[in-house]
Amino acid sequence: MAQITLKNLAHSYDPTPRSEADYALKEMDHIWEDGGAYALLGASGCGKSTLLNIISGLLRPSHGRVLFGETDVTDAPTAARNIAQVFQFPVVYDTMTVRENLAFPLRNRKMDPGYIKARVDQIAAMIGLEAELSRKARGLTADAKQKISLGRGMVREDVNAILFDEPLTVIDPHMKFELRTQLKSLHREFGHTMIYVTHDQTEALTFADKVVVMHDGRVVQMGTPEELFERPAHSFVGYFIGSPGMNFFEAEIAGAHAIVNGVEVPLGATHGPVPGRTRIGIRPEFCVLDRAGGLPFQIRRIEDVGRHRIIRGEVMGTEVNITVPEGTEIAADATRILFAPEKINVYADDWRVAPLGEEM
Ligand code: ADP
Ligand code: MG
């Protein structure tokens with residue numbers, strides 16, 4: 001196993017790119033630690049599969065290098081990289097049985113038949129296909145085929161990394177949860193580096209130790225679920241993580257407070273001069289309704305969702321959400337909104353600006 005380093009990596013599918021817009025991946029430098037469980041999260045088309053295929057060697061980057069440990073593998077074919085990859089659309093050999101499908105990567109490497117049998121049984125149990133082992137893959141349901149594909153990705157113990165590209169798309173939600181749990185236990189047991197691509201934040205947050213958020217061809221943040229929640233590095237992370245996402249307000253930043261539409265909003269920390277388009281961001285969980293202080297808030301509607309209520313409304317024309325615990329009474333004369341100062345983040349041109357004295 002090995003640490004994966006991306007050095008000045010960029011990719012354009014256009015052989016003669018003219019501007020940054022022609023790059024599916026903008027230049028990036030990142031280290032993926034050996035043995036990490038990563039989720040690669042972002043909207044459709046942001047470059048997740050492109051990045052994964054560059055790591056596995058299916059795609060050669062137009063710029064930069066890929067290193068496994070100290071070895072430069074940029075020009076090495078997939079087979080030489082010792083990586084397992086599971087695709088969004090299952091790749092299954094229809095004429096083979098489930099057992100033969102799962103055994104395929106091991107047979108290819110001429111592993112001992114006794115080991116192969118034991119390992120295939122173990123994987124079949126993890127993906128819930130023990131009863132189907134001797135059936136031909138042809139005729140199985142789409143979700144069974146996806147499980148076979150997933151199992152084949154998990155069967156080798158000797159890989160550098162396992163890459164999953166939205167591997168549970170056609171699987172029903174309950175089974176999804178089961179399989180994700182299995183992947184996590186596989187990770188704990190064998191410690192492979194795993195990169196799990198998804199556009200679903202719940203999947204990402206439950207699978208990964210570190211979530212890598214991509215937006216428009218860039219990795220905008222690599223962090224723990226808590227870091228993404230507390231200190232989104234980019235406004236996209238604020239919007240994309242959380243439901244509903246972070247609230248943003250155009251603001252002027254003046255030391256230890258922000259000025260929003262002429263109203264002074266205290267911040268939890270002091271900022272130096274902040275250039276560019278400045279906004280403050282505050283999650284719905286850290287806003288409260290009030291009768292007197294803060295900014296004027298107009299309630300539009302209230303939604304009850306499980307253990308909390310979402311109050312949807314407006315602050316001077318900007319859509320704003322507040323989350324409160326279920327059963328919270330909402331007073332008719334509560335027409336203002338207050339923010340927990342230490343939970344406010346400051347953004348300049350969409351990137352978070354650290355306050356003075358914050359440890360990096
Ligand atoms: P994701 O997996 O996040 O949905 P992709 O990596 O598939 O995103 O795509 C990133 C961008 O690259 C998209 O704009 C997509 O249209 C483009 N793209 C992907 N594959 C190709 C290709 N083979 N040729 C040209 N453009 C491509
Ligand atoms: Mg994709």
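Quick caveat, the model's predicted, so the values are computed rather than measured. When a ligand or atom number is given, it counts from 1 through the structure's own listing order.
- No hydrogens or angles considered: a donor-acceptor pair under 3.5 Å links the side chains of Arg152 and Asn101.
- Aromatic pair Phe164/Tyr38: ring centres not closer than 6.0 Å.
- Atom 19 (C) of ligand 1 has its closest protein heavy atom at Tyr13 CE1, 3.4 Å.
- Protein heavy atoms come within 4.0 Å of atom 21 (C) of ligand 1.
- The nearest protein atom to atom 5 (P) of ligand 1, hydrogens excluded, is given as Thr50 OG1, 3.6 Å; this is a heavy-atom distance.
- Here's the thing with Gly45: one of its N/O atoms is less than 3.5 angstrom from an N/O atom of ligand 1.
- In this view, Phe68 satisfies the ring-ring contact (aromatic ring centres under 6.0 Å, His included) rule with no residue, not counting sequence neighbours.
- Protein N/O/S atoms nearer than 2.8 Å to the Mg ion (ligand 2) total 1.
- Cation-pi contact between Arg352 and Tyr347: absent, since separation from the ring centre below 6.0 Å together with deviation from the ring axis within 45° is not met.
- Classification of the His11-Tyr13 ring pair by plane angle, with boundaries at 30° and 60°, yields perpendicular.
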Side-chain donor/acceptor pairs under 3.5 Å, residues 319-332, sequence neighbours excluded:
residue : atom : partner : partner atom : Å
Asn321  : OD1  : Arg312  : NH1          : 3.2
Thr328  : OG1  : Pro325  : O            : 2.5

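- Using a distance-only test at 3.5 Å, with no hydrogens or angles considered, a donor-acceptor pair links the side chain of Glu100 to the main chain of Thr97.
- For the residue pair Ser49 / Asp165, a side-chain donor-acceptor distance below 3.5 Å is found, with atom types taken as modelled.
- The atoms of ligand 1 that sit less than 4.0 Å from any heavy atom of Ala24 are 11 (C), 12 (O).
- The protein non-hydrogen atom at the shortest distance from atom 7 (O) of ligand 1 is Ser49 CB, 3.8 Å.
- Residue pairs meeting the ring-ring contact (aromatic ring centres under 6.0 Å, His included) criterion with at least one partner in residues 201-233, sequence neighbours excluded, are Tyr196-Phe207, His215-His234, His215-Phe236, Phe229-Phe286.
- Protein heavy atoms are found less than 4.0 angstrom from atom 3 (O) of ligand 1.
- The protein heavy-atom contact nearest to atom 8 (O) of ligand 1 is Gly47 N, 3.2 Å.
- A side-chain N or O of Thr74 and one of Asp72 form a donor-acceptor pair less than 3.5 Å apart.
- Residue contacts with ligand 1 leave out Gly42, since none of its heavy atoms falls under 4.0 Å from the ligand.
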